[in-house]
2 protein chains.
Amino acid sequence: MRPTLQDVATAVGVSRSTVSNAYCRPDQLSAALRTRILDTARQLGYPGPNPTARSLRRGFAGAIGVLFTSQLSYAFTDPFAVRFLAGVAAAAERHGTSLLLVPLPTGATQARAAVENAAVDGFCVYCAADEDWALDVIRGRGLPFVTTAPPADRYVGIDERAAARSVADHLVGLGHRRVALLADTVLPEAPPGPLRLAGADAARHPTTRGRLAGFADALAAVGVDWPDITLLNATGNSRAAGAGAVAGLFAGDDPPTAVLAASDVLALGALDALGERAATVSVTGFDDVAEAAAAGLTTVRQPAEEKGRIAAELLLDPPADDAAGQILLPTELVVRTSTRPVPRS
Amino acid sequence: MRPTLQDVATAVGVSRSTVSNAYCRPDQLSAALRTRILDTARQLGYPGPNPTARSLRRGFAGAIGVLFTSQLSYAFTDPFAVRFLAGVAAAAERHGTSLLLVPLPTGATQARAAVENAAVDGFCVYCAADEDWALDVIRGRGLPFVTTAPPADRYVGIDERAAARSVADHLVGLGHRRVALLADTVLPEAPPGPLRLAGADAARHPTTRGRLAGFADALAAVGVDWPDITLLNATGNSRAAGAGAVAGLFAGDDPPTAVLAASDVLALGALDALGERAATVSVTGFDDVAEAAAAGLTTVRQPAEEKGRIAAELLLDPPADDAAGQILLPTELVVRTSTRPVPRS
DNA sequence: TTGAAAGCGATACCAA
DNA sequence: TTGGTATCGCTTTCAA
């Protein structure tokens, strides 16, 4: 059996409190006694206070939970998510707090249980909002949390709609009218490829809703409206899914002259699928991940690490002023070579 | 005050055990009573059993710790580390276990404390071995652990030396003799750029030692030996550091005809720094991360996710057979366009 | 099917 | 400076 604090106390011939003090309140006992206690502990093979017991007694865990809506292992596939996480880690690091990455099992009950059982002092919820159940569980536990989108008491996001409109305006300004929108999992079970949608509001995920709405705003300004807009559904936020969604679209008559993607990853996938044709079709992304620059992708930049860092900070030292917890970060249109004027035909 | 299990018990008029059973042993009480308990709990706002208390009582945390030697936020900068983590996450996900990412503060005492205080059931130690202190703390706590390199009871690594030799042999086969080796933090405080080293064994980090030794093996086979080998030190495993290390090297007389880097990231940095000259100098990497393919980098592939996945599995369900815990994964030389025969001059 | 009692391993107050 | 005592919130035999 691994020795406990009590064993050390017995061995030294002092009380538990004194041993405890030797570890976390050196000033509460004489240096000599402390040394004696620590030495004995070492001899006994006592590994120091049990973290779980300490957490229970002290009432906090020393870790914050990070919740990704999709499968945890997918999060590492998404370059934007990784940079967000890097930001969270940087803040946690400075604060001396650990990060608990909680995988969400597929079953609803089990996913709830995962959030219920996380030994953390708060949550950083990436990209949820649709995942209301998770927020409910967190609220139920009385834990503080930060999301990456409004509405919430504390969030750090961007103005999705305005940002999306900025790229779309750019494209419209280049003369594009036949434009396809490309987004991930627009409707829960939708197949890859063209999807009929009444409007942006019908999209399942709030982020997607915002971006599609922004795209549509720009198109509406030049007379292109739902449901005439071509919407392409990707079954996942990955390059492959992006490629899959646009496949075949340009084979028919009267193909679009541009693709507005709701993420860089999807846009890069679209470029993959376009191959040679990429020279004539304009494509835009969203996020400005590292790969975007290399591919010459026109996109909207949002500060990724910053978002994660601020989210974690909002959680770790909450602002005194309530209103200060609702943050919209600036975005910036980054024009590269993947967009050009509509070819005259 | 947040209600506890006891409060629910009191409210319903049953004992704590019964409430506990309602949560974790539904078969131990009548459905009717269970429903009554759960309903009351909801009314009271009881969030379910406290995870920390449960962990303490049950004796396990339901999480595994992940330890990166460098700063945690840097880990997300390294594409190989990210893929490793993705593998770990995939295994954890399947196992219903969370991942605790533990940041290591800079101070020695504090770093120890971070490992001592992690409420986990075991550790996945990425790339350590030199970080013996961490392994000592983990052993002291009596927790199981897996590393990414021997020696250890359980590890999943590659034959660094042989893998390194395979790229180096390729380069030597192309006629290169004046070759510069490029590695990260070869000696603790070394400045960026050329570094005099007696031999591979002098390198600080075991992984670096293995790779440099493999490179040197190939060179030795054609009569090039330490300390005549040009070694370039990068101050960090990043593209920028790679670029910084090779800067100026090709300005002088008799520059190397090739650069053997200990990681893809460094190699890509070298290519950045070479610019135009990259067409005449051969460069190789190590790992085969995604960016390597795009850049046409010749490199050694090692299965990244696989490594993480297996490491986590080794931890989560340890093999009955002790010897089965020591795994060397296969590697593969991937020849692309960044290497070519020595130009005749 | 339900309950009583005994911890899990530690911390913090207050008194000595 | 040290020790006694209560408690953190829950799970788990074992007996009723």
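Each chain gets a letter, A, B and so on, in the order its sequence line appears, and its residues count up from 1. Computed from a predicted model, the values in this text were never measured in an experiment.
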Out of C/dT11, D/dT11, D/dT2, whichever nucleotide has its closest atom nearest the side chain of A/S20: C/dT11
Any A/T18 side-chain nitrogen or oxygen under 4.0 Å from OP1 or OP2 of D/dG3: yes
D/dG4 phosphate, OP1 or OP2, under 4.0 Å from A/S15 side-chain N/O: no
Separation of [Y] [atom2] from [X] [atom1] (nearest 0.5 Å):
X	Y	atom1	atom2	value
B/L56	A/R54	CG	CZ	13.5 Å
A/D321	A/Q326	CG	CD	10.0 Å
B/Y46	B/T40	OH	OG1	13.0 Å
A/Y23	A/L5	OH	CG	7.5 Å

Base C/dA4 to side chain B/S17, donor-acceptor N/O within 3.5 Å cut-off: yes
Side-chain ion pair, B/R139 and B/D136, N-O less than 4.0 Å: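 Salt bridge: yes.
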5′-ward residue of the pair B/S30/A/P3 relative to DNA chain C: B/S30
For the pair made of [atom1] in [X] and [atom2] in [N], what is the distance, rounded to whole Å?
X	N	atom1	atom2	value
A/D27	D/dT1	CG	C1'	11 Å
A/I37	C/dT11	CD1	P	13 Å
B/Q28	D/dT12	CD	P	11 Å
B/R34	C/dT2	CZ	C1'	16 Å
B/L33	C/dG3	CG	C1'	12 Å

Could you list the protein-to-nucleotides 6-9 of chain C atom pairs, N/O on both sides, closer than 3.5 Å?
| unit_1 | atom_1 | unit_2 | atom_2 | d |
| --- | --- | --- | --- | --- |
| C/dA6 | N6 | B/R16 | NH2 | 3.2 |
| C/dG7 | N2 | B/R57 | NH1 | 3.0 |
| C/dG7 | N3 | B/R57 | NH1 | 3.4 |

Trace of the side chain to side chain contact (heavy atoms under 4.5 Å, CB included) decision for B/L315 with B/F123: CA-CA 8 Å; B/L315 198 57; B/F123 279 97; 5.6 Å; no
Sugar-phosphate only, base, or nothing, as touched by A/R25 at under 4.0 Å among non-hydrogen atoms: sugar-phosphate
Minimum side-chain heavy-atom gap B/R309-B/E305 below 4.5 Å: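 They are not in side-chain contact.
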